Amino acid sequence: MAGDDDQGGFLSGRGDSSGPAQAMDDSAALPDLDSGGEDSFTETTHVSWGQKLMDSIVGVGLGLLLVLAMSALLFWNEGRAVQTYRSLEEGAGIVVKADADRVDPGNEGKLVHVQGDLTAQMPVSDSTFGIRAKAARLVRHVEMYQWKEERHTETKKHLGGSEERVTTYTYRHVWEDKRIDSSHFNRQGGHQNPQMRFSAYSATAADARLGAFRPGERALSRLPAREAKPIPQEAAPQFEGRTDLGPAHVVDGMLYLGQNPSEPRIGDLRITYKIAPLGPASFIGRQAGADLQEYQTKAGDALLLARSGLVTPQAMFAQAEAENRIITWIIRAVGAVCMFFGFLLILRPLAVLGDVVPIVGSVLGAGTGLAALLLTMVVAPLVIAVAWFFFRPLVSLGVLAAGAAVVYGPRQLAARRQEAKGGVSAPAVPAGAR
């Protein structure tokens with residue numbers, strides 16, 4: 001791969017464990033080390049009933065803020081979804097098919113759909129590591145080997161409302177593409193995560209062309225980079241001797257910065273690349289000379305779509321609408337879950353009051369959990385319904401009418417049949433026959 005310009009190439013360029021832990025009740029706990037470098041310790045705390053009650057009262061305020069914030073999020077999400085839907089609908093209705101072989105001045109400023117073979121003469125590169133590839137887009141992905149804290153708490157309630165909490169903190173090594181802030185760890189000694197020396201990076205082909213069009217950086221950055229771009233083993237010598245990198249190795253197509261890839265240490269990095277390839281591609285955007293830029297719709301969103309392959313405008317808009325629906329449901333789910341926890345905080349004082357007798361507190365705790373779930377099931381859909389009335393009143397009325405027809409239609413039909421049966425009178429009997 002290194003010597004083939006058509007396939008892309010490479011430019012030459014420049015403790016595992018903490019000490020003994022002191023528990024809150026002054027009992028020492030030794031870290032539990034395993035062969036993988038993990039360690040753990042337990043911490044026991046005793047909380048009085050009065051302190052629990054005060055904490056729960058403070059939690060009521062936090063719960064109210066959380067419920068209000070999630071209500072605002074759910075309301076905003078519906079407006080965002082409707083705006084994006086209308087923007088895509090508007091775009092689908094006005095998009096113009098443009099010929100990639102020539103830039104038609106008559107389409108200037110219009111929303112156009114262009115497709116064809118995306119080409120570039122110069123490779124796109126990452127100058128930090130001297131990596132280049134013949135591609136529309138090159139993306140660097142960086143992961144760091146670091147500490148991650150996990151905690152598990154078991155609670156034992158005592159008569160009178162106090163409780164004993166035994167929390168187990170486990171520290172293990174993980175590869176993550178974001179630095180975990182170790183300053184928030186309960187046990188920071190021996191578990192510090194260094195700053196990441198290098199971060200993610202993305203570059204696009206400066207001279208990319210689609211026939212007569214020259215898609216700019218913003219348009220090219222919308223192309224998904226999913227194709228792996230492994231670093232060949234023969235490129236390893238170019239990283240040796242670079243003092244800014246330290247020990248460097250090429251392993252299984254990735255660049256490893258550290259002493260020994262088979263025995264990683266905290267702070268080691270592994271770097272991989274992916275590309276959005278040249279070749280067939282499709283774009284929808286505002287024609288600005290030979291460039292393709294964002295098109296501002298009347299509905300509110302700015303449209304600029306890009307897909308690898310020859311994709312029709314109908315399929316591109318349909319995929320964008322599907323992505324919009326997925327995002328909408330993800331935000332709905334997150335908002336509902338956070339709202340549930342908000343209601344739990346609001347109702348928690350009831351369970352704490354019952355903790356004077358542990359069994360009563362447990363029952364009330366289960367009851368407040370159920371109540372929080374029911375409140376969430378009522379309030380979250382209500383907020384969404386109000387948002388729909390605000391953003392799409394006609395559709396909301398139509399949905400209500402359809403729902404009413406489904407619920408009450410069969411009942412009315414059954415009632416009319418019953419009336420029809422009851423309205424048939426028996427034949428009259430002659431007086432002489434009695």
Side-chain angles (χ1 to χ4, degrees), residues 68-98 104 106-115 210 213 215-224 281-289 291-339 379-406:
L68 291 175
M70 292 305 103
S71 297
L73 176 67
L74 291 174
F75 190 90
W76 166 84
N77 181 49
E78 298 307 312
R80 179 209 59 78
V82 170
Q83 177 175 302
T84 300
Y85 171 79
R86 289 175 175 170
S87 297
L88 292 173
E89 194 175 47
E90 176 184 338
I94 62 174
V95 66
V96 176
K97 186 173 179 58
D104 186 354
N107 290 333
E108 184 70 15
K110 293 182 180 180
L111 182 67
V112 298
H113 169 261
V114 187
Q115 63 181 17
L210 187 72
F213 286 86
E217 179 181 358
R218 183 167 295 183
L220 294 174
S221 65
R222 305 296 175 94
L223 286 171
S282 304
F283 294 87
I284 292 178
R286 177 174 62 88
Q287 180 177 309
D291 195 3
L292 295 172
Q293 300 179 359
E294 291 182 335
Y295 179 89
Q296 183 60 52
T297 64
K298 296 178 181 178
D301 283 2
L303 299 181
L304 181 58
L305 308 179
R307 297 288 184 269
S308 296
L310 302 180
V311 187
T312 65
Q314 293 82 2
M316 293 180 70
F317 279 112
Q319 185 174 352
E321 290 175 1
E323 293 171 354
N324 181 42
R325 286 193 295 270
I326 292 173
I327 293 172
T328 301
W329 278 104
I330 290 175
I331 296 177
R332 283 173 179 170
V334 171
V337 170
C338 292
M339 182 178 287
V379 175
L382 181 61
V383 171
I384 294 174
V386 171
W388 271 63
F389 268 111
F390 185 83
F391 295 110
R392 306 186 72 176
L394 295 179
V395 175
S396 300
L397 292 175
V399 171
L400 286 177
V406 171

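These values consider heavy atoms only, across backbone and side chains, with no hydrogens, waters or symmetry-generated copies. Model, not experiment: these values are computed from the prediction.
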Please identify each residue that fulfils side-chain contact (heavy atoms from CB on, under 4.5 Å) with [X], with sequence neighbours left out.
{"X": "Leu68", "result": "none"}
{"X": "Val82", "result": "Arg86, Phe391, Arg392"}
{"X": "Asn107", "result": "Val96, Ala98, Asp104, Lys110, Val112, Gln287"}
{"X": "Glu89", "result": "Tyr85"}

Work out which heavy atom in [X] is nearest to a heavy atom in [Y]; give both atom names and the distance.
{"X": "Pro224", "Y": "Ala306", "answer": "CD-O, 4.3 Å"}
{"X": "Glu294", "Y": "Ala302", "answer": "OE1-CB, 3.7 Å"}
{"X": "Phe283", "Y": "Ala219", "answer": "CE2-O, 3.7 Å"}
{"X": "Leu303", "Y": "Gly91", "answer": "CD1-CA, 3.9 Å"}
{"X": "Met339", "Y": "Val379", "answer": "SD-CG1, 3.8 Å"}
{"X": "Glu90", "Y": "Ala299", "answer": "OE1-N, 3.1 Å"}

Not counting sequence neighbours, list each pair that qualifies as a salt bridge (charged side-chain N to carboxylate O under 4.0 Å, His left out) and has a residue in residues 308-325.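 Counting only pairs at least two positions apart or across chains, the salt bridge (charged side-chain N to carboxylate O under 4.0 Å, His left out) contacts touching residues 308-325 are Arg307-Glu323.
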List for me each residue that meets side chain to side chain donor-acceptor pair (under 3.5 Å) alongside [X], sequence neighbours excluded, and say none if there are none.
{"X": "Ser308", "result": "none"}
{"X": "Asp301", "result": "Gln83, Thr84"}
{"X": "Thr328", "result": "Arg80"}
{"X": "Gln314", "result": "none"}

Side-chain touch [X]/[Y], heavy atoms, less than 4.5 angstrom:
{"X": "Gln293", "Y": "Arg218", "value": "no"}
{"X": "Ile284", "Y": "Tyr295", "value": "no"}
{"X": "Gln115", "Y": "Lys97", "value": "yes"}
{"X": "Trp329", "Y": "Asn77", "value": "no"}
{"X": "Leu304", "Y": "Arg222", "value": "yes"}

Got a second to check how far Ile331's CD1 is from Ile326's CD1, nearest 0.5 Å?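 Rounded to the nearest 0.5 Å, the CD1-CD1 separation comes to 12.5 Å.
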Spatial distance of atom CG (Leu223) from atom CG (Leu305) [nearest 0.5 Å]: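 One finds 11.0 Å between CG of Leu223 and CG of Leu305.
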[X] side-chain N/O to [Y] backbone N/O, donor-acceptor pair under 3.5 Å:
{"X": "Glu108", "Y": "Gly289", "result": "yes"}
{"X": "Thr297", "Y": "Ser87", "result": "no"}
{"X": "Asp291", "Y": "Gly216", "result": "yes"}

Taking salt bridge (charged side-chain N to carboxylate O under 4.0 Å, His left out) as the test, write out the residues that go with Glu78, two or more places apart.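 Testing Glu78 for salt bridge (charged side-chain N to carboxylate O under 4.0 Å, His left out), a comparison that skips the adjacent residues, returns Arg332.
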Determine whether the aromatic ring centres of residues Phe75 and Phe390 are separated by less than 6.0 angstrom.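 Here the rings of Phe75 and Phe390 have centres that are less than 6.0 Å from each other.
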